[in-house]
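Reading through the structure tokens given below for one structure.
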Amino acid sequence: QGTLTVSSPQDPGSWDPIDTFLVNWASVATNIYDGLTYRGPDMELVPALATGWEELDEGTRIRFTLREGVTFHNGEPFNAEAVKFTFDRLLGDEGAAGPQQSNYTSIDSVEIIDDYTVDFHLGAPDPVLLTKLAGYGAMIVPPQYASEVSEEEFNLNPVGTGPFSFVSYEPRIGINLEAFEDHWGGAPQLANLNYRFITEPSTAVAELQSGGVDLVIPPTIPIGMISTIEQDPRLSVVSTPGPTVYSLRFNTRDGITADERVRRALIMAVDRDTIVEAILGGEASVIASLQGELSFGFDPALEPLPYDPEAARALLAEAGVAPGSQVQIDIRGNDATFNEVVQAISAYLAQVGITASIQPYETNVLLNDIIPQGRTGAMFQQSWGGWTFDYDNTAYSMYHSGEKWNPYDSDPELDALLESQRPMTDRDAREEVLHEIARYTAERALEMPIYNLNAIYAVSDRVQNFVPAPDSRLRLTDVTVE
Amino acid sequence: MTGFLFKRLLQAAFVVMVVTLIVAWAVRLTGDPALMLTSGSANVTEADLARIREGLGLNEPFLVQYFNTLAGLFTWDFGRSFVGGTQVSLLIASALPATLALAFASMAVAILISIPLGIRAAVSRGKWADQLIRITSLIGLSFPNFWLATMLVLIFSITLRWLPPSGMSGWQSFIMPALTMGVILTATNVRLVRTTMLEVLQSQYIMVARAKGLSERTVLYKHALRNCAIPLITYMGLQFGGLLGGVVVVERVFNWPGMGSLAFDAVAARDYPVLQSVIMVLSLLIVSVNLLVDIAYGLVDPRIRTE
Amino acid sequence: MDQTKSRFLSLDFLLGAGLLGLICTAVLASGWLFPNVGAIDLTARLVPPFARADHILGTDPLGRDVLARVVAGGWISLQVGVLSVAGSVMLGVIVGLVAGYYRGIWDVIVMRFADVQLALPFILLAITFIAIIGGSLTNTIILLIVSQWVQYARLVRAQVLALRDREFILAARAIGVKDRRILFSHLLPNLLGPVVVLMTLNVANNILLESSLTFLGLGVDPTIPSWGGMLADGRTYLQSAWWVSVFPGLAILLTVLGLNLLGDWLRDTLDPTGRTGR
Amino acid sequence: MNRPQHPTSPPPLLTVEDLSVAFGQNTVIENLNFAVQPGRTLAIVGESGSGKSVASMSILRLADIAGARYASGRIMFQSAAGPVDLLTQSQEHMRKLRGREIAMIFQEPMTSLNPVFPIGDQIAEVLMLHEAMPRRAALAEAERLMSLVRLPDAGALLKRYPHQLSGGMRQRVMIAMALACRPKLLIADEPTTALDVTIQAQILTILKDLQRELGMGLIFITHDMGVVAEMADDVVVMWKGRKVEEGPVETLFAAPKHPYTRALLSAVPRLGAMTGEPLPKVSPLTVFDGEAPRILGEARVQDTARYEAPLLSVRDLSVRFDIRKDWLGRATHYCPAVSDVSLDIYPGETLALVGESGSGKSTIGRTIQQLQKAAAGEVLVEGRPMSAMSLADRQRLRQEIQYIFQDPFASLDPRKTVGQSIAEPIETHGLLAGRREIRSRVGDLLERVGLSADVAGRYPHQFSGGQRQRVCIARALASKPRLIIADEALSALDVSIQAQIINLFMDLQRDEGLAYLFISHDMAVVEKMSHRVAVLYLGQIVELGSRAQVFETPGHPYTQRLLSAVPVADPTRRPERTGLAGEIPSTTRRVGDAPALNKRIEIAPGHLVAAS
Ligand SMILES: Nc1ncnc2c1ncn2[C@@H]1O[C@H](COP(=O)(O)OP(=O)(O)OP(=O)(O)O)[C@@H](O)[C@H]1O
Ligand SMILES: Nc1ncnc2c1ncn2[C@@H]1O[C@H](COP(=O)(O)OP(=O)(O)OP(=O)(O)O)[C@@H](O)[C@H]1O
Ligand SMILES: [Mg+2]
Ligand SMILES: [Mg+2]
Ligand code: NI
């Protein structure tokens, strides 16, 4: 009962699953659609529209048993037909123009076995596929509705099987949902679920303070505002480790950072623990590789390099780096918190005799021009995180030769490692390789891993039973409001 | 006048063409939307990018793309956003009224505050009222608009709970954004009014107006004000043009769904169709405002010939 | 009629020059006053003002002394503010004078160009600009000039339109005064009032704008303090640590106040009619 | 207040007692006393710059708004609500008196009308305010008042803006405005300087009628002794901020006591004084500058004109102004300000251009000076058409031909000191090098026009009307021109200074062969200094001939009317002015309906008269 209003920082513009990769699409659409699988805040993969699945043919075929008696919001029945339609659409022409298709290219085809059984034929085993089926492009859409209405219409009036059905949408303003009483998992507690798109953190917080919204979801709240929220007795901050990791990557090709000793020295020169404590208010954890603790492939045994300015100085001297040497750090201009972090880093570097200058860039220029073309300074910001929480997602893009995010390095040994884990269907074996990759990159000090940021939610006391989701994909079925 | 109008309309068309051409060219210079669209996801191959570009119509020759956008002005079909695929016309149809409403409201606030204050300051030149007005008007300028906006929100929404902190709903939601913008515009306008007023007040015809026994109000607001109107309307025209372009920060702070943030997001995402169309509409508006201002010169001051 | 002496004794002048003199001296001496402005102290973050003797105006989120940064921040801010305004005024005034006085084709070309300029959104201009020539302090200033000359041009032109057919301009023409002299020696002083107003106020505007360019990549290294940058940094702390943004704002306020007092004084000096009997 | 009153004379309407006014350190009026009786006219005459205008502005309490300080004195006024001291009233209170009980006609009509409002509104405004008339009625009344002051097309004129009127027309608008509310006291500060004598005569008649009707007190400030003689009951003579003499008009004219008054009266040019003389004559004049009157100059015949080749010729010149346009921007109505005018000016010659107010005199001057485009016709300089000249040649012309604007205030840059303004032509044409030389030349010029060299540092607004006019004359002389177009250049000067300037002009003519196109309303001055006279009427020349021909054998009825309307500076010979004569001819025309062009016939050698 009651209405929950959520502040979300961005309007994805379309509610069609194949059109977008935006987290904030998922934070809303998770309530409208179901996937074959579901992954909740506890990160466990559980059955959803598929009640079970089997990996066949060494991982190149997966058979799903579908849930019976499920209907879409418009009354269409859910069945194998719908699944096939969904994936044909995603992998066909319609999906081609969107960004989601590339995530699912491992699927060759979907075969209907009977009304409630389908086989997915894969080109190659894809260890992350089951996770991917829990979100984004793999959300099941109603075949009849989706083929009858125009694409446009579908973008604006989504129909799924999820716990909430679509009521209205005003571009750039908000979207309203209501409880779908016939949901297979039971009707949600809330009667209405409204989202308002509020980009500006201070505005979202002001709305929260004045009761205009009940919940502010990531990535809205900057660290600097946490104390403001905590000062308000009716509000609280809830956080959980998130997907995003922050690092400064090195130019391993040119300049002083081509020397591994220098890279280690620079890492050791920075007191990351203090940074996390002081600047991030503890809402992050120091990392040793480019992944957080929730990531598949995280190795608790891998310790970050210690803060040791003495050793750093020694290493620098050994590498023949003269005190007063210059490095340039390229960052995104719009990331206020990381901006502070980098300023602190530059101060730490100064302590070991390295003069760091900071160069802000417009985000897209940095991401799509400066980094891919290898025109960065000695260090550059890399913040990264996929909702799949699979280290492969990060590692492959960052370390494999020729990848966009890897402009400087080319390491055949590392390439081989990265390629080797991809077809593995044995989770444990694959995890072992991922650990090895993490160790290997830490060894070579390819980047200065800094921290894994929490997903920070600000909640009004009206809201009960709220469990934060690390990936922002909140399914608000159990939440109640006073 | 008609000949003048005709000429100016031709020129306006030319301006719109040039603006859109520059925008189309400039935005293509700053990055590839296919990259932007996929920058969040891993495993993107060149083939994927090519596929996306094809889907977005980016493989067409530049001029074809450009003229397609331009044609939108006549068909009211501006294509679809790269992000999400919403009809651009839909976005503009919701953003433009929001921006216009806010622009008019802010201008109204600015005019209502600044003209009386500016005149007051000029009349009591050197006295305490003048000093007070001169100094306070600067406060609005020395702090950034987000600062002012946040202060207003703190006072009126959070502490007093009188006004909604954001969004565009009833008339109440206009108060704070219009006030924020108005105060900033006011700072300049007050001083502009004061400066020009000081000069006009020394004129012989003001003396004559007084000798007629006219009330001080009539002397100031009718006889003097009209004579300082030229710089004022020029500057207000510029301000209004700026407001039409949208004031990103203020729109953001008050979560106002206007053209400014629309354009801003479009630039950030290299969303060509949205950006080009928004700019096209904006340039039309701005050119019209400038035209109106130019026409107003002749109306306000008969000695200025419009041609 | 000895007005030259009393000219400089006006309150506006004394206050304005005093204020600006003080600010400039402090800014220039900041290296000597506060040798370690940049010193980060993560153990002393967000110390409120007047709480600790070593941080009179408190500290920022990185534990840097706000006072030191405000003083040192003037360097960049004043440079950007003053140079960008000076540049755009020069360009705009000349263009405006020429367009308004000669009218005809010049007017059309220049004013349509102005329309184009006004219709182009600043961020796009900025991003393209960096894409082409890269980001630096100089380029920031150039960008501001490029985007702001139009204001002056339109303002000046409008007034020239009103003035150009006045008798005293006709009289000057009748004497055979050269156009250049009519423009700069007759028209300009008679229309400078509003230009000076706009000028002094745009300094504040540009100081603030400078910081908002940082995220576009046009700004400067964030470790180098600037008033606009500090205000922007303080944005998320507005409710919890007001001093981070209020003091740089006050610095801007004082600067603009000084400039405006000087501007008013200049206006008064340029306008002889108001001075009698005062 | 309880002074015993003579049963015969009512209490004075206005009494100025011991008034002193200062601008900064400059005391411009010292201990001034005078009184005005209801129904009577007090004329204030005096030296230019002697404080007449400041005194009248003080009565309205406008001088303090302009920065003046009242050092001492009282100004008692019998207002409707009883006697009040105007100097102690608040501005708020004064506002109730202004316009309604005390009205003023300002000296400089050009700058006194608000440039951005149609003149109809400006007159109607007063009526709406004081008479509480609705707008329509007020406009109708404004139209009536405008035709009362003989403005043509009053109805259409209501919608015109001040800059579209000629000097004299604007002056009449000012008069209409002041008369609108039938005040108890009217201060007329040189109200007829820009009017030709026929219209002047009519205006004076109106004033007298109104005075009789309303019992209005009138303070009449003028330099024209003829007008004083005709209008005044009493006269106050001012000199250097002080009153030097006062008395009934007959006494004063008959037996002036103060040396300044005597110098003044002796300088009055009299029409007909030159009868029989073929050429203008310079006559010696008495000046009074403090101690004892001195006689300056000698008598001389001005035979400077050289009738070989004309210096400047105007051929078939027509100038028109579009008045109304249709929606396509085509003119439907226009004002044929100048039609088909031809004249020649020879080196060393003074050609006077006289004519009705609004007949196009200034327009001819401005066209010659390339400030106004001609619709047809040609201006030739030494036989070369101006349109065929190179830019450099035209630039040279701007040195050789100088134009003295009818409105001195508006033609001076408000932000330049008069010294800078006078130096400008010298610098522009590179006539002198070096700041020192230029400065001393400027000082020299100022002294030649009767101002002291140290006013060079002052700004235009700090001068009196006549002083500004002299600044403009000095500026015109600065570039050593060959032709000066003097548009009403002497109208604001008191006769004594006027005579000095006339002599200056004539000396320059003799020494440097200067030619003048002398636009004037003052027929006596014209008679005194011109070689030939052209009479303009409704944009066309109706009579052109040598001075003797035009003045002694006027051929055209308008010329005859003009001459008969000249007031005579003798209070004992007041002419009996009859009511207003006839229709006022319209000056606007529909496109296509061109005015009929006159045919001129030569009734004597060189004497052309339009056949009517
Ligand atoms: N605003 C002013 N500031 C300083 N001096 C002034 C100002 N206005 C007038 N004066 C001076 O006051 C004196 C008297 O001026 P006023 O205008 O009363 O002269 P006037 O008698 O009307 O002369 P005219 O016949 O030339 O109009 C002049 O010497 C003039 O220079
Ligand atoms: N800018 C204008 N627009 C329209 N009509 C004008 C304009 N300037 C002058 N006129 C008209 O041209 C006619 C002649 O004007 P001009 O100023 O030449 O008269 P004038 O002979 O100098 O009169 P005065 O003796 O009153 O100064 C007048 O009827 C006037 O209304
Ligand atoms: Mg006077
Ligand atoms: Mg005239
Ligand atoms: Ni009495």
For B/Leu90, is it the side chain, the backbone, both, or neither that has a heavy atom closer than 4.5 Å to a heavy atom of chain A?
side chain
Do the non-hydrogen side-chain atoms of A/Thr3 and A/Asn194 ever get within less than 4.5 Å of each other?
yes
Heavy-atom closest pair, residues B/Phe174 and B/Ala105
CD2-CB, 4.2 Å
B/Val153, part contacting chain A, at a heavy-atom distance under 4.5 Å:
side chain
Between A/Gln209, A/Glu200, A/Glu207, which residue shows the highest count of heavy-atom pairs closer than 4.5 Å to chain B?
A/Glu207
Under 4.5 Å from a heavy atom of chain B, the part of A/Ile198 involved
both
Is chain A contacted by the side chain of B/Ser166, its backbone, both, or neither, given a heavy-atom distance below 4.5 Å?
both
Which of A/Thr199, A/Asp369, A/Asp19 touches chain B most, by non-hydrogen pairs under 4.5 Å
A/Thr199
Considering only heavy atoms, which portion of B/Arg161 lies under 4.5 Å from any heavy atom of chain A: side chain, backbone, both, or neither?
side chain
Does any N or O in the side chain of A/Gln100 come within less than 3.5 Å of the main-chain N or O of A/Thr20, such that one atom is a donor and the other an acceptor?
yes
Given the options B/Ala268, B/Ser157, B/Ala149, which has more heavy-atom pairs under 4.5 Å with chain A than any of the others?
B/Ala268
Under a 4.0 Å threshold between the charged nitrogen and the carboxylate oxygen, would A/Arg332 count as salt-bridged to A/Glu362?
no
When the ring planes of A/Trp384 and A/Trp405 are compared, do they come out parallel, tilted or perpendicular, using 30° and 60° as the limits?
perpendicular
Residue B/Asp77 excluded, over 12 heavy atoms near CG under 6.0 Å:
yes
Quick check on the structure: residues of residues 8-18 of chain A within a heavy-atom distance below 4.5 Å of chain B, by number.
A/Pro12, A/Gly13, A/Ser14
For residues B/Ala95 and A/Arg172, report the shortest heavy-atom separation together with the two atoms involved.
CB-NH1, 3.4 Å
By ring pair (Phe, Tyr, Trp, His ring centres under 6.0 Å) - contacts of A/Phe154 (at least two apart)
A/Tyr145
Check whether the side chains of A/Gln381 and A/Ser383 place a donor and an acceptor atom closer than 3.5 Å, and report yes or no.
yes
Could you tell me whether the side chains of B/Asn255 and A/Thr203 share a donor-acceptor contact shorter than 3.5 Å?
no
